[in-house]
Amino acid sequence: MRTPTLLSRLALMSAAGLALTLAPVATAAPDEFVKVANEMGAATPGTIHAEDILFPALMEMAQPPIAVGIGPELDAMLMLQPGDSAWRQMESWAEGDEQQAVLEVFKTLTDPDAKKAHVFDIPFGMDDTDPAYQAAGLWIEVQTDNLVSSAKYHYLDKVEWASALALFETMRLAEQGEGKASLDTMVNLLRFGRLLAERPSVEEVKAAFTLMRIASERTRDVVYTHPDSFEADDLVEAGEAFDERILRPRQIAMPGVSRVAAQQLLARTFEKQGNVKPGTFAQTFAMLEADDRPLRRLSEAARYRGAS
């Protein structure tokens, strides 16, 4: 059923309509909203661009030997046991220099004693994106007519690879009796998720919270599975990283890009007096719904003309 999608888009616009009277961003020209979205996630003076440290390492990273996307595939990986053929494949992959370099980058980005904060400043669209990052799939694509709401967060695919690597490395180290190194790897993943949570979109913040949740759960599971690998002092030290006072979840700002995207749609499809622009309304939403399936654009346009 496609009606919920239509209703969700219209509800998003209705909510943003109230914000039009409150938010200065609403006065931006329709094609300036990408710039506004970029400013929301921009690094501030005195911070370090985290993507310029992580992305080069991800570009060298080898593809995992098995599927590790967050979901059922990742669950299957977490159930592997030493001696399984897939375990041996993952072990060989995780021990590779390129993958170990990614784990070192995690350590660098999440060092609590770093003198300067790291910030992911990942622009929307290709205009401000490093061509090398774009070629490697490490970017945010704005697909449809420069609409922020059409953003595709391609770089998160490689982040899933790196996260699965950290999760497996934790299992591998614990199985070898290296409990402290295992805990350190998982704490680094937790802190990486917290760093990612500063990004301004729902998709990125959702991925960040998923990483933090998985890191918490897997720490518990790995310690339970390999209790002889861990010293009490190491467990206490690692546990402090999970303290709410350290993670500061209440200081994570609500993702603002969704509001920017909705306001851009309003600017494109409604008159200032509140009247719908029938042709533009149908065309804009038909392009969004059709996405990379252009043959669906006509049927979607007819449906949105009715909705207008």
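Computed from a prediction, not measured in an experiment: that's the story for all the values here.
- When each of L211, L190, D221 is checked for a side chain to side chain contact (heavy atoms under 4.5 Å, CB included) with S216, only L190 meets the rule.
- If you chain together ILVMFWY residues whose side-chain heavy atoms come under 4.5 Å of each other, W139 ends up grouped with M126.
- Side-chain atoms of H49 and V119, non-hydrogen and from C-beta on, never get closer than 4.5 Å to each other.
- Side-chain contact between T269 and K277: absent, with no pair of heavy atoms (C-beta onward) separated by less than 4.5 Å.
- With sequence neighbours left out, the ring-ring contact (aromatic ring centres under 6.0 Å, His included) criterion links W161 to no other residue.
- Nearest heavy-atom pair across S149 and Q264 is N-OE1, 4.5 Å.
- Taking the charged nitrogens against the carboxylate oxygens, E169 and R172 do have a contact shorter than 4.0 Å, which makes a salt bridge.
- How far NE2 of H154 is from CD of E141: 4.0 Å, rounded to the nearest 0.5 Å.
- To the nearest 0.5 Å, atom CD1 of residue I122 and atom CG of residue D128 are 13.0 Å apart.
- Taking 4.5 Å as the limit, every side-chain heavy atom of I140 sits out of range of all side-chain heavy atoms of P123.
- Residues M171 and R218 are in side-chain contact: their nearest non-hydrogen atoms beyond the backbone lie under 4.5 Å apart.
- Of the residues V159, L195, D52, the one that meets the side chain to side chain contact (heavy atoms under 4.5 Å, CB included) test with F120 is L195.
- Side-chain atoms of M77 and L167, non-hydrogen and from C-beta on, do get closer than 4.5 Å to each other.
- Residues F270 and N275 have side chains not in contact (no heavy-atom distance under 4.5 Å, counting atoms from C-beta outward).
- Side-chain contact between F209 and V205 is present, with heavy atoms from C-beta onward closer than 4.5 Å.
- Of the possible polar contacts, none joining the S150 side chain to the N146 backbone as a donor-acceptor pair under 3.5 Å is found.
- Between the side chain of E51 and the backbone N or O of D121 there is at least one donor-acceptor pair closer than 3.5 Å.
- For D233, the CG atom counts as loosely surrounded, since its 6.0 Å shell holds 12 or fewer non-hydrogen atoms of other residues, nucleotides or ligands.
- Distance check, rounded to the nearest 0.5 Å: NE2 of H118 to CG of D111 gives 8.0 Å.
- Of the N and O atoms on the side chains of Y155 and E204, at least one donor lies less than 3.5 Å from an acceptor on the other residue.
- The two residues V202 and P255 come nearest to each other via the heavy atoms N-CB, 3.6 Å.
- Of the inter-residue distances, the one linking L80 atom CG with I66 atom CD1 reads 5.0 Å to the nearest 0.5 angstrom.
- Rounded to the nearest 0.5 angstrom, R194 CZ and R191 CZ are separated by 12.5 Å.
- For the atom pair CD of Q99 and OG of S92, the computed distance is 9.0 Å after rounding to the nearest 0.5 Å.
- For the pair V257/F33, no side-chain contact is recorded, criterion being any heavy-atom separation below 4.5 Å from C-beta on.
- Residue F106 comes nearest to L54 through the heavy atom pair CE1-CD1, 4.0 Å, listed as atom of the first residue, atom of the second, then distance.
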